[in-house]
Amino acid sequence: MTDELDLLRAVDPVSATEGPWRDRPLDARAERGLNQLLYTSRRRARRRVVLCAEAAVVALAAALVLTLPDLAATSATAAPSALRPRAGSAAVPLAEVAERARAAARDGEPELRRGSHIQTWSLAMDAGPHAERPVTLPEEREVRWRADGSRAERVESGGDLVGERVLPPVSSDAPPGARPPHTPGKLRAYLTEAYDGGLSSRSGPLTADQVLDALPQLLDTWTLGAREQAALARVLAGTEGLRPAGAITDRLGRTGQAYVHESDDPADEALRRMLILDPGTGDVLGLEVMFTKAQPQLAVRAGDVMSYSAWRRD
């Protein structure tokens, strides 16, 4: 029963500190979170419980679409094709990237900054025997923190302004709100706490799937400095299962190195995650999650991109 309760709590995309649900439409960021809830190894419940939760999530999304006119302004596009590393390009091992990042961080610049600038593409999926092909919801979100602890948030979708707002000061001593450390061991512990959310105690380190699922929590909240990037590169280099795949151009036209992991979790076996790094600094450029198997109940085909995040440094 505890697993089921944990799952249902995690389904809720609404912040407990940022207003009532009627003021919080299910934007692309929430869609991404819901989709990842259903298809990542964070699920501690059995598969049959997840399938029941799918129906609840889809019903929630449908209700919000019908009752919240703001969603009608969100631009939907055809699903983008999965990115592919360049054929024949040299693959840079993560250990080498970590060493380059360490060298690049010697002067401590750039410094860690609270806030983020992120572009996302997330599938909006239906479920059931008559599910229609999903569409992709693009979103660009910029969050800047002010000296008084408040933060300004600006959201665009398809080039159109969706909204701007200023949120009051908040403080947190838990990840991802807490300041991230800049040593590999402490940063791994930070990501573990962010991933587990205090709901479980674990006997081993995060798996590759889990590390990659925890990354957006960190990178949506903070723009890492050089020292934090170096620590993260070392964490990634010490995570088993990330395969170097060669040079790649990300969705913002930047050149990086791709690292791929196909899940070996039976509850998550239909997903492939691809991380894109700047090979010289260790900066995380993007993260793509792709279906490797068709999901007929969601009208999803093998090769469909479930979500893609591109983090920008301004």
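In this text the structure is predicted, and so the values were computed from the model without any measurement.
Counting all heavy atoms, side chain and backbone alike, Ala231 lies closest to Thr183 at CB-C, 3.8 Å. In this structure, Pro110 and Arg313 approach most closely via the heavy-atom pair CG-NH1, 3.5 Å. Scanning both residues, Ala226 and Ala105, for their nearest heavy atoms gives O-CB, 3.5 Å. Here the closest heavy-atom approach between residue Leu236 and residue Leu94 is recorded as O-CD1, 3.6 Å. Taking each heavy atom of Pro279 and Thr255 in turn, the nearest pair found is CD-O, 4.5 Å. The two residues Ala82 and Arg251 have their closest heavy-atom pair at CA-NH2, 4.1 Å.
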Show your reasoning for whether salt bridge (charged side-chain N to carboxylate O under 4.0 Å, His left out) applies to Glu262 and Arg272.
CA-CA 4 Å; Glu262 293 193 13; Arg272 184 204 73 177; 5.5 Å; no
Does the pair Leu123 and Val305 meet the rule for a side-chain contact (heavy atoms from CB on, under 4.5 Å), with working shown?
CA-CA 7 Å; Leu123 279 190; Val305 175; over 6 Å; no
Should Leu206 and Leu191 be marked as a side-chain contact (heavy atoms from CB on, under 4.5 Å) after you check the CA-CA gap, both sets of side-chain angles, and the distance that decides it?
CA-CA 8 Å; Leu206 293 178; Leu191 290 172; 4.2 Å; yes
Kindly indicate, with the supporting measurements, whether the criterion side-chain contact (heavy atoms from CB on, under 4.5 Å) is fulfilled by Phe291 and Leu271.
CA-CA 5 Å; Phe291 287 100; Leu271 294 181; 3.8 Å; yes
For side-chain contact (heavy atoms from CB on, under 4.5 Å), just list the numbers for Trp222 and Arg179, CA-CA rounded to whole Å, side-chain angles, deciding distance to a tenth of an Å, and then say yes or no.
CA-CA 8 Å; Trp222 299 88; Arg179 185 183 180 90; 4.2 Å; yes
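In this structure, CZ in Arg151 is found 11.5 Å from CZ in Arg146, a value given to the nearest 0.5 Å. With values rounded to the nearest 0.5 angstrom, Glu228 atom CD is found 11.5 Å from Asp283 atom CG. Taking CD of Gln229 as the start and CG of Leu187 as the end, the distance is 11.5 Å to the nearest 0.5 Å. To the nearest 0.5 Å, atom CG of residue Leu285 and atom CD of residue Gln257 are 10.5 Å apart.
For Arg273 and Asp213, the salt-bridge test passes: some basic side-chain N is under 4.0 Å from an acidic carboxylate O. We find that Arg133 and Asp126 are not joined by a salt bridge, their nearest charged nitrogen and carboxylate oxygen being 4.0 Å or further apart. Ion pair Arg141/Glu153 flagged as a salt bridge, since at least one NZ, NE, NH1 or NH2 atom sits closer than 4.0 Å to an Asp/Glu carboxylate oxygen. For Glu111 and Arg113, the salt-bridge test fails: no basic side-chain N is under 4.0 Å from an acidic carboxylate O.
Side-chain contact between Pro216 and Leu287: present, with at least one pair of heavy atoms (C-beta onward) separated by less than 4.5 Å. Counting only heavy atoms from C-beta outward, the side chains of Leu83 and Ile276 approach each other to under 4.5 Å. Side chains of Tyr190 and Leu218 form a contact here, defined as non-hydrogen atoms less than 4.5 Å apart. Looking at Val260 and Leu242, their side chains never come closer than 4.5 Å, going by heavy atoms from C-beta outward. At a threshold of 4.5 Å between non-hydrogen side-chain atoms, the residues Ser150 and Pro168 do not count as touching. Looking at heavy atoms from C-beta onward, Tyr259 lies in side-chain contact with Val92 at the 4.5 angstrom threshold. The side-chain heavy atoms of Val143 and Arg154, taken from C-beta on, include no pair separated by under 4.5 Å. Met274 places none of its side-chain heavy atoms less than 4.5 Å from the side chain of Val289.
Side chain of Asp196 to main chain of Glu193: no donor-acceptor pair is present (N/O by atom type, distance under 3.5 Å, no hydrogens or angles). Between the side chain of Asp250 and the backbone N or O of Arg254 there is at least one donor-acceptor pair closer than 3.5 Å. For the pair Trp121 (side chain) and Met306 (backbone), a donor-acceptor distance under 3.5 Å is absent. The main-chain N or O of Val300 is never found under 3.5 Å from a side-chain atom of Gln295 such that the two would form a donor-acceptor pair. Judged by distance alone, the side chain of Ser122 and the main-chain N or O of Leu137 form no donor-acceptor pair under 3.5 Å.
Residue pairs meeting the side chain to side chain donor-acceptor pair (under 3.5 Å) criterion with at least one partner in residues 238-248, sequence neighbours excluded, are Arg188-Thr239. Screening residues 85-103 for salt bridge (Lys or Arg N to Asp or Glu O under 4.0 Å) gives Glu96-Arg100, Glu99-Arg102, Glu99-Arg234 as the qualifying pairs, with residues at least two apart or on separate chains.
Leu161 and Val155 end up in different hydrophobic clusters when Ile, Leu, Val, Met, Phe, Trp and Tyr side chains are linked at under 4.5 Å.
A donor-acceptor contact closer than 3.5 angstrom is absent between the side chains of Asp220 and Ser116. When only modelled atom types and interatomic distance are considered, Asp209 and Thr207 share no side-chain donor-acceptor pair under 3.5 Å.
Partners of Asp314 according to the side chain to side chain contact (heavy atoms under 4.5 Å, CB included) rule, which considers only residues two or more places apart in sequence or in another chain, are His117, Glu142, Arg144, Arg312.
Within 6.0 Å of CD in Glu109 there are more than 12 heavy atoms belonging to other residues, nucleotides or ligands.
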